[in-house]
There are 2 protein chains.
Amino acid sequence: MTKTAEVILFPRNARTPAQFQQWLATVLQTFQDYLVTRGLTLTHQREAVLRCLMAAQRHLSLEDVYAEARRKDRTIGRATVFRTLRLLQECGLVAEVGSTDGRARFELKADRPHHDHMICVECGRILEFESPMMERFQDEAVKRHGFVALWHRHEIFGRCAACRRLRGRAS
Amino acid sequence: MTKTAEVILFPRNARTPAQFQQWLATVLQTFQDYLVTRGLTLTHQREAVLRCLMAAQRHLSLEDVYAEARRKDRTIGRATVFRTLRLLQECGLVAEVGSTDGRARFELKADRPHHDHMICVECGRILEFESPMMERFQDEAVKRHGFVALWHRHEIFGRCAACRRLRGRAS
DNA sequence: ATTGATAATGAAACTCAGTTTCATTGAGTG
DNA sequence: CACTCAATGAAACTGAGTTTCATTATCAAT
Ligand SMILES: [Mn+2]
Ligand SMILES: [Mn+2]
Ligand SMILES: [Zn+2]
Ligand SMILES: [Zn+2]
């Protein structure tokens, strides 16, 4: 049987400031291109939201983004953050991720391959992993049922290694 | 490469009335056993909620169960349905399933093996399938990260065969 | 039967993440 | 400078889910 390859994607590999700027420029361009097709413009508020997500080393909630963006610009509104997150999802740059506390989290899809999530019910940490074999058998299953997949969500809830070590043998 | 085995579980295989009664008795007993350990009792309201889920040929929302149970007993309350659904989840008889309309759906885990879901974004239909291979590679991935899985949710959103036929070539 | 303790219930109120409204501001055009 | 319309943020609204609370059912011990 073929070997599975999995990779932890967070924390994101360090980028030099120069590399970050490069990446930022690319992603901003992608966003702007989308906005143009909709007759919209890339405002500084919209850019701020995107920058927050790009700088983050974890999955942010709407409220997280709002708080973070607000540190730079005291007047930015929750509504704008909400609307920008929707735009970013529409153009495929951002995806929603499950959580254990009832608040949706968001992640950049920009520069990363598809992956699934393990979510720790203890500490809320989200572990990202890839499993090409799982994706492969999923494709098979979908085809077999004449279904056409648009997107999927595969989230495994449980306890992460760190929390198990901390709490001892109790599961 | 090994062949994957998938089975559509809904609509549930027909049961003779006698078989249904048998099944009902078993499941009710399981529920009651759990309630006893908590010092609670199996009331007729609680039984009604469970009966609704057992009789249903589709995934019901809280509101669905409430409406259905209400047809039998005009005074049953939304709060009781809510609380009963929670009890049923706690004892492992019922699980929550995703949806496309923002309302959680529930399904009996009672007599069925683990399975995942394909959810049609067009008609809301929920297709159930099993993929032992997927589960296998999932287990591998989980172990590799020192994670302990408690439960998981694997939901594929897209268009079902029926809706694609209806709407023509457009995806 | 009567009492007292506690489980159970349902109507209504509340929560809160998410979403919309609306008056105002800003950016661009002729 | 008008004029148009995208964009914004404060505040109001929404609605699934959840809790509160006054009332009712259950049942064990008199
Ligand atoms: Mn996947
Ligand atoms: Mn599964
Ligand atoms: Zn953890
Ligand atoms: Zn469909």
Side-chain angles (χ1 to χ4, degrees), chain A residues 28 31-52 59-91 94-106 124, chain B residues 28 31-52 59-91 94-106 124:
Chain A
L28 278 175
F31 191 25
Q32 180 154 38
D33 288 349
Y34 171 73
L35 291 172
V36 167
T37 69
R38 295 268 317 260
L40 309 176
T41 56
L42 180 57
T43 63
H44 69 93
Q45 289 97 331
R46 284 171 181 162
E47 185 173 328
V49 168
L50 186 45
R51 275 173 184 274
C52 284
H59 293 84
L60 304 179
S61 66
L62 185 153
E63 217 58 30
D64 290 335
V65 175
Y66 175 55
E68 183 59 27
R70 208 140 218 271
R71 289 186 37 229
K72 307 265 162 76
D73 175 356
R74 298 248 45 119
T75 76
I76 196 169
R78 195 177 269 104
T80 299
V81 174
F82 167 75
R83 288 185 288 234
T84 303
L85 284 173
R86 182 165 54 194
L87 285 171
L88 287 167
Q89 285 175 272
E90 280 167 15
C91 72
V94 164
E96 191 180 320
V97 176
S99 68
T100 48
D101 66 359
R103 292 180 183 196
R105 299 301 151 96
F106 300 91
Chain B
L28 279 176
F31 191 23
Q32 181 154 37
D33 288 349
Y34 172 72
L35 291 172
V36 166
T37 70
R38 294 268 316 259
L40 309 176
T41 56
L42 180 57
T43 63
H44 70 92
Q45 288 97 333
R46 284 172 181 161
E47 185 172 327
V49 168
L50 186 45
R51 275 173 186 274
C52 284
H59 293 83
L60 304 178
S61 66
L62 184 152
E63 218 57 31
D64 290 335
V65 175
Y66 174 56
E68 184 59 27
R70 208 139 219 273
R71 288 187 35 230
K72 307 266 160 77
D73 175 356
R74 296 246 48 118
T75 75
I76 196 168
R78 194 177 270 104
T80 299
V81 174
F82 168 75
R83 287 184 289 234
T84 304
L85 284 173
R86 181 165 54 193
L87 286 171
L88 287 167
Q89 285 177 271
E90 281 167 12
C91 72
V94 163
E96 190 180 320
V97 175
S99 69
T100 48
D101 66 0
R103 292 179 182 198
R105 300 298 152 99
F106 300 90

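Naming convention: chains lettered A, B, ... in sequence-line order (proteins, then strands); numbering from 1 in each chain.
Of the residues in residues 35-42 of chain A, those placing a heavy atom less than 4.0 Å from an atom of DNA chain D are L40(A), T41(A), in numerical order.
Chain A approaches DNA chain C within less than 4.0 angstrom (heavy atoms of the protein), and the contacting nucleotides run 5' to 3' from dA17(C) to dT21(C).
Summarising the geometry, the separation between CG on D73(A) and C1' on dT8(D) is reported as 11 Å, rounded to the nearest angstrom. When rounded to the nearest whole Å, the span between CZ of R70(A) and P of dT8(D) equals 15 Å. What separates CZ of R103(A) from P of dG17(D) is a distance of 18 Å, to the nearest Å. Per the geometry, CD belonging to Q89(B) stands 13 Å off C1' belonging to dT18(D), to the nearest Å. In this structure, H44(A) places its NE2 atom 14 Å from C1' of dA6(D), rounding to the nearest Å. One atom, CZ of F82(A), and another, P of dT8(D), lie 14 Å apart when rounded to the nearest Å. L87(A) has its CG atom 11 Å from the C1' atom of dA7(D), to the nearest Å. The CZ atom of R83(A) sits 7 Å away from the P atom of dT8(D) (whole-angstrom rounding).
Across all their heavy atoms, R105(B) and G98(B) have their closest contact at CG-O, 4.4 Å. Closest approach of L42(B) to L35(B), counting heavy atoms only: CA-CD1, 3.7 Å.
For the pair L62(B) and R78(B), the minimum side-chain heavy-atom distance is below 4.5 Å. Taking the side chain as every heavy atom from C-beta outward, R46(A) and L87(A) approach each other to under 4.5 Å. At a threshold of 4.5 Å between non-hydrogen side-chain atoms, the residues F31(A) and T84(A) count as touching. Between E63(B) and V81(B), every side-chain heavy-atom pair lies at or beyond the 4.5 Å cut-off.
With rounding to the nearest 0.5 Å, the separation of OH in Y34(B) from CD in E90(B) is 4.0 Å. With values rounded to the nearest 0.5 angstrom, R38(B) atom CZ is found 14.5 Å from D33(B) atom CG. Note that the SG atom of C91(A) and the CZ atom of R86(A) stand 13.0 Å from one another [nearest 0.5 Å].
Within 4.0 Å of R78(A), counting heavy atoms only, lies no atom of the nucleic acid at all. Heavy atoms of T75(B) sit under 4.0 angstrom from primed sugar atoms or phosphate atoms, though from no base atom. R74(B) comes within contact range of no nucleotide atom at all, as no heavy-atom separation falls under 4.0 Å. Contacts of E63(A) with the nucleic acid, taken as non-hydrogen atoms under 4.0 Å apart, are absent.
Taking for each of G102(B) and R86(B) the nucleotide of DNA chain D with the nearest heavy atom, the 5'-most of the two is the partner of G102(B). Closest-nucleotide positions on DNA chain D for Q45(A) and D101(B) were compared, and the one nearer the 5' end corresponds to Q45(A).
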